[in-house]
S.K.: 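Below you'll find the structure I mean.
Start at 1 with the first residue, then count along the sequence. Side-chain atoms are counted along with the backbone in the values below, which use heavy atoms only and exclude waters and symmetry mates.
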Amino acid sequence: MSVNPVLSSAEYIQKNSRDVKIPKEGVKVAAQKIFESMKSLEYSTATWKTHQLNPSIANEEAIDWIFFVDSLNFSFWSKYDTSQQYAVSYEENTYRGYWTLCCCVNRAISEGISITDPRVFKDLDENQLSYIFRSDTKESIPLLTERLEILREVGTVLVEKFDGSFVNCIKQADNSAMKLLNLIVSNFKSYRDEHFFEGRNVQILKRAQILIADIWACFEGKGLGRFDDIDEITMFADYRVPQALVYFNALEYSDHLLSLLNNQTPLPSGGRLEIEIRGCSIWAVECVRREIQQLIQLNPDQLKYDKVNPILIDFYIWDYAKAHSDQLRQIPIHLTRSIYY
């Protein structure tokens with residue numbers, strides 16, 4: 001079993017970080033809080049399908065849906081207030097942020113557009129994609145041109161190398177998340193979330209990892225979603241989870257970094273500060289995971305499972321951040337336009 005290069009990258013980043021720290025006491029408190037919540041909420045892979053926009057049936061069509069969504073799962077933050085920022089209404093609900101992506105895919109399917117078929121989406125033009133992601137507000141979906149380029153890239157690769165379906169990529173991985181991670185990064189260049197930091201290349205691979213995790217969660221670890229080394233996957237370094245980790249005191253920003261974030265100063269993609277936030281977030285969740293694992297061993301009858309992995313912790317923290325957005329508003333998120341998250 002190979003070790004995830006993302007975890008070793010995260011350890012290197014946190015050891016060389018100047019403006020982001022991981023307070024040990026904060027990690028312990030966060031672990032206790034998450035552990036207690038997981039007990040009451042019975043948080044597990046089954047939670048994934050309870051989100052009303054996610055596929056409710058684990059089949060090959062669900063994998064096509066997940067691959068399409070995670071290929072475009074990046075950069076939904078906005079400086080506009082809620083009345084103007086990119087939003088989409090569907091089935092009597094209005095969605096913002098990441099859920100607009102899921103909403104638009106489901107809306108397109110309901111309109112008879114085979115949007116998750118790579119033979120279709122590799123040949124879309126900008127007007128067609130703009131229609132699919134049409135907004136109810138002043139703001140359009142960010143990075144539309146980049147999204148179109150990515151769809152053409154990944155669609156072409158799927159058709160030419162994997163007979164038109166990501167299912168065939170999964171089958172080549174032989175139930176290994178690490179093999180699948182390598183297949184994704186090797187074949188789809190837009191998934192290569194790799195950067196140069198303090199003298200070496202580091203891998204963060206947010207979208208590649210969440211693609212694997214979403215399939216695992218959708219299939220509840222069975223069938224096409226069975227990965228014998230799934231616990232090697234790390235958390236998914238984005239905007240909201242670092243914000244929640246700061247709120248939980250499991251992550252700490254320097255005064256310099258906080259000043260930049262409070263002033264909404266954009267951080268360049270691949271820059272030192274952005275890499276520190278993302279890398280330290282991965283390592284902080286790994287530290288939280290280790291603490292929770294100790295709590296499980298001390299309280300073996302309080303959870304339905306005897307092991308927790310970074311994916312479930314990430315899913316929990318992300319959901320918490322969205323559900324408690326008003327409480328977290330005092331913590332600024334970093335603003336980086338990126339195709340990686």
S.K.: Please report the C-alpha distance between V288 and I292 in whole Å, then the side-chain angles of each, then the deciding distance to 0.1 Å, and finally whether the side chain to side chain contact (heavy atoms under 4.5 Å, CB included) criterion is met.
M.R.: CA-CA 6 Å; V288 168; I292 292 176; 3.7 Å; yes
S.K.: Would D306 and Q297 count as a side chain to side chain donor-acceptor pair (under 3.5 Å) here? Give the steps.
M.R.: CA-CA 8 Å; D306 59 7; Q297 291 170 354; over 6 Å; no
S.K.: Do you see a donor-acceptor pair shorter than 3.5 Å between the side chains of D64 and T116?
M.R.: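 No, T116 and D64 have no side-chain donor paired with an acceptor closer than 3.5 Å.
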S.K.: Using atom types as modelled and distance alone, determine if a side-chain donor or acceptor of N262 lies under 3.5 Å from a backbone N or O of L258.
M.R.: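 Looks like yes, one N/O pair under 3.5 Å.
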S.K.: Is a side-chain donor or acceptor of S186 paired with a backbone partner of L183 at a separation under 3.5 angstrom?
M.R.: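 Checking the backbone N and O of L183 against the side chain of S186, no donor-acceptor pair under 3.5 Å is found.
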S.K.: Quick one: does any side-chain atom of S110 pair with a main-chain N or O of R107 as donor and acceptor, under 3.5 Å?
M.R.: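 Yes.
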S.K.: So, for P118 and G164, which heavy atoms are closest and what is the spacing to 0.1 Å?
M.R.: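 Scanning both residues completely, I find the closest heavy atoms to be CG-O, 3.1 Å.
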S.K.: For a quick test of reading the model, state the closest non-hydrogen atom pair linking L144 to S130 and the distance between them.
M.R.: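 In terms of heavy atoms, the two residues are closest at CD2-CB, 3.8 Å.
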S.K.: Which pairs of donor and acceptor atoms, one on a side chain in residues 213-222, lie under 3.5 Å apart (sequence neighbours left out)?
M.R.:
residue : atom : partner : partner atom : Å
D214    : OD1  : W48     : NE1          : 3.0
E220    : OE2  : K49     : NZ           : 3.1

S.K.: Strictly by modelled atom types, are S176 and D174 linked by a side-chain donor-acceptor pair under 3.5 Å?
M.R.: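 Their side chains do not contain a donor-acceptor pair, so the 3.5 Å distance test is not met.
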S.K.: To the nearest 0.5 Å, what is the distance between CG (D163) and CG (L158)?
M.R.: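 The CG atom of L158 is 10.0 Å from CG of D163, to the nearest 0.5 Å.
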S.K.: Do R290 and Q293 have side-chain atoms, one donor and one acceptor, less than 3.5 Å apart?
M.R.: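 The answer is no; no qualifying pair exists.
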S.K.: Quick test of your reading of the model: are R119 and D117 salt-bridged, counting only N-O distances below 4.0 Å?
M.R.: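 Result for this pair is yes, salt bridge flagged.
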S.K.: Quick check against the 3.5 Å criterion: does E126 have a side-chain atom that pairs as donor or acceptor with the backbone of T145?
M.R.: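 Looks like no, no N/O pair under 3.5 Å.
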S.K.: Which value, rounded to the nearest 0.5 Å, describes the distance between Y90 atom OH and Y95 atom OH?
M.R.: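 Going from OH on Y90 over to OH on Y95, the span is 8.5 Å.
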S.K.: Given I132 and L124, is the side chain to side chain contact (heavy atoms under 4.5 Å, CB included) satisfied, shown in steps?
M.R.: CA-CA 10 Å; I132 289 165; L124 289 173; 4.3 Å; yes
S.K.: Can you spot which of Y253, W77, Y239 makes a ring-ring contact (aromatic ring centres under 6.0 Å, His included) with H334?
M.R.: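 Option passing the ring-ring contact (aromatic ring centres under 6.0 Å, His included) with H334: Y239.
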S.K.: For the residue pair D193 and R278, what are the closest heavy atoms and their distance?
M.R.: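 Minimum heavy-atom contact is OD2-NH2, 2.7 Å.
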S.K.: How long is the span from the CD1 atom in I63 to the CG atom in N168, to the nearest 0.5 Å?
M.R.: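 I63 CD1 to N168 CG: 10.0 Å, rounded to 0.5 Å.
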S.K.: Measure from the ring center of Y341 to the ring center of F236 and say whether it is less than 6.0 Å.
M.R.: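 No - the distance between ring centres of Y341 and F236 does not fall below the 6.0 Å cut-off.
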S.K.: Has I57 got more than 12 heavy atoms of other residues, nucleotides or ligands less than 6.0 Å from its CD1?
M.R.: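 It does not: I57 CD1 has 12 such atoms or fewer within range.
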S.K.: So which heavy atom on W283 is nearest to which on E11, and how close?
M.R.: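 Heavy atoms of W283 and E11 come nearest at CZ3-CB, 3.5 Å.
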S.K.: Between S140 and S135, do the side chains contain a donor N or O and an acceptor N or O under 3.5 Å apart?
M.R.: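 Per modelled atom types, S135 and S140 side chains form no pair under 3.5 Å.
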S.K.: Go through Y191 and L205 one step at a time and tell me if the side chain to side chain contact (heavy atoms under 4.5 Å, CB included) criterion holds.
M.R.: CA-CA 7 Å; Y191 276 90; L205 307 182; over 6 Å; no
S.K.: Would Y98 and H51 satisfy ring-ring contact (aromatic ring centres under 6.0 Å, His included), going step by step from the backbone distance to the final call?
M.R.: CA-CA 12 Å; Y98 162 75; H51 291 288; 9.0 Å; no
S.K.: Side-chain heavy atoms under 4.5 angstrom apart, residues restricted to Ile, Leu, Val, Met, Phe, Trp, Tyr: same cluster for I109 and F67?
M.R.: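 Yes.
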S.K.: Between the side chains of K307 and D231, is the shortest nitrogen-to-carboxylate-oxygen separation below 4.0 Å, so that they form an ion pair?
M.R.: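 A salt bridge links D231 with K307.
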S.K.: Closest heavy-atom contact between N175 and D229?
M.R.: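 Smallest heavy-atom distance, with atoms named: O-OD1, 4.0 Å.
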S.K.: Between R329 and D326, does any side-chain N to carboxylate O distance fall below 4.0 Å?
M.R.: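 Yes, R329 and D326 are salt-bridged.
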S.K.: I'd like to know if K33 and E291 make a salt bridge, using a cut-off of under 4.0 Å between side-chain N and carboxylate O.
M.R.: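 A salt bridge is absent here (no side-chain N lies under 4.0 Å from a carboxylate O).
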S.K.: If the threshold is 4.0 Å, N to carboxylate O, is there a salt bridge linking E198 and R18?
M.R.: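 Result for this pair is yes, salt bridge flagged.
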S.K.: Looking only at non-hydrogen atoms, find the nearest pair between Q264 and K79 and report the distance.
M.R.: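 Here Q264 and K79 meet closest at O-NZ, 3.5 Å.
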S.K.: Take atom CG of D125 as the centre, draw a 6.0 Å sphere, and report whether it contains more than 12 heavy atoms from other residues, nucleotides or ligands.
M.R.: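 Result for CG/D125: enclosed.
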S.K.: Should N299 and F35 count as side-chain neighbours, where that means a heavy-atom distance under 4.5 Å?
M.R.: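 Side-chain contact under 4.5 Å: yes.
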S.K.: Return the orientation label for the W99 and W318 ring planes: parallel under 30°, perpendicular over 60°, tilted otherwise.
M.R.: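 The arrangement is perpendicular - the two ring planes meet at more than 60°.
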S.K.: Side chains of N106 and E91: do they bring a donor and an acceptor to under 3.5 Å?
M.R.: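 Side-chain D/A pair, N106 to E91: absent.
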S.K.: Give the C-alpha distance, both sets of side-chain angles, the deciding distance and a yes or no for side chain to side chain donor-acceptor pair (under 3.5 Å) between S83 and D81.
M.R.: CA-CA 6 Å; S83 66; D81 61 35; 2.5 Å; yes
S.K.: Looking at R272 and D19, does any basic side-chain N land under 4.0 Å from a carboxylate oxygen?
M.R.: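 Yes, this pair counts.
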S.K.: Please tell me whether T234 and E286 have a donor and an acceptor in their side chains that are separated by less than 3.5 angstrom.
M.R.: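 No pair is found: no donor N or O on one side chain lies under 3.5 Å from an acceptor on the other.
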S.K.: Please round to the nearest 0.5 Å and tell me the distance separating atom OH of Y86 and atom OG of S75.
M.R.: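 Answer for the OH-OG pair, Y86 versus S75, is 12.0 Å.
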S.K.: Examine distances only and state if a side-chain atom of Q243 and a backbone atom of I331 form a donor-acceptor pair shorter than 3.5 Å.
M.R.: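 It does hold such a pair.
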S.K.: Can you get from V20 to F196 by hopping between Ile, Leu, Val, Met, Phe, Trp and Tyr side chains that sit under 4.5 Å apart?
M.R.: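 No.
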S.K.: Rounded to the nearest 0.5 Å, what separates atom CE in M235 from atom CD1 in I317?
M.R.: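 Going from the CE atom of M235 to the CD1 atom of I317 covers 6.5 Å.
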S.K.: First locate atom CZ of F121, then atom CZ of R152, and finally report the distance between them rounded to the nearest 0.5 Å.
M.R.: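 The CZ atom of R152 is 12.5 Å from CZ of F121, to the nearest 0.5 Å.
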S.K.: For Y316 and H324, I'd like to know if the aromatic rings sit close, meaning centre-to-centre distance below 6.0 Å.
M.R.: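 So the answer is no for these two rings.
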S.K.: Just wondering, do I141 and R147 contact through their side chains at under 4.5 Å, heavy atoms?
M.R.: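 Yes, close enough: below the 4.5 Å cut-off.
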S.K.: Report yes or no: do Q84 and T137 form a side-chain donor-acceptor pair below 3.5 Å?
M.R.: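 No, because no side-chain N or O of Q84 sits under 3.5 Å from a partner of the opposite role on T137.
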S.K.: Whether the S9 and Q203 side chains hold a donor-acceptor pair (N or O, under 3.5 Å, no angle test) is what I'd like checked.
M.R.: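 There is no such pair (donor and acceptor under 3.5 Å, judged by atom type) between the side chains of S9 and Q203.
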S.K.: Cut-off 3.5 Å, side chains only: do W65 and N54 have a donor facing an acceptor?
M.R.: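 Side-chain D/A pair, W65 to N54: absent.
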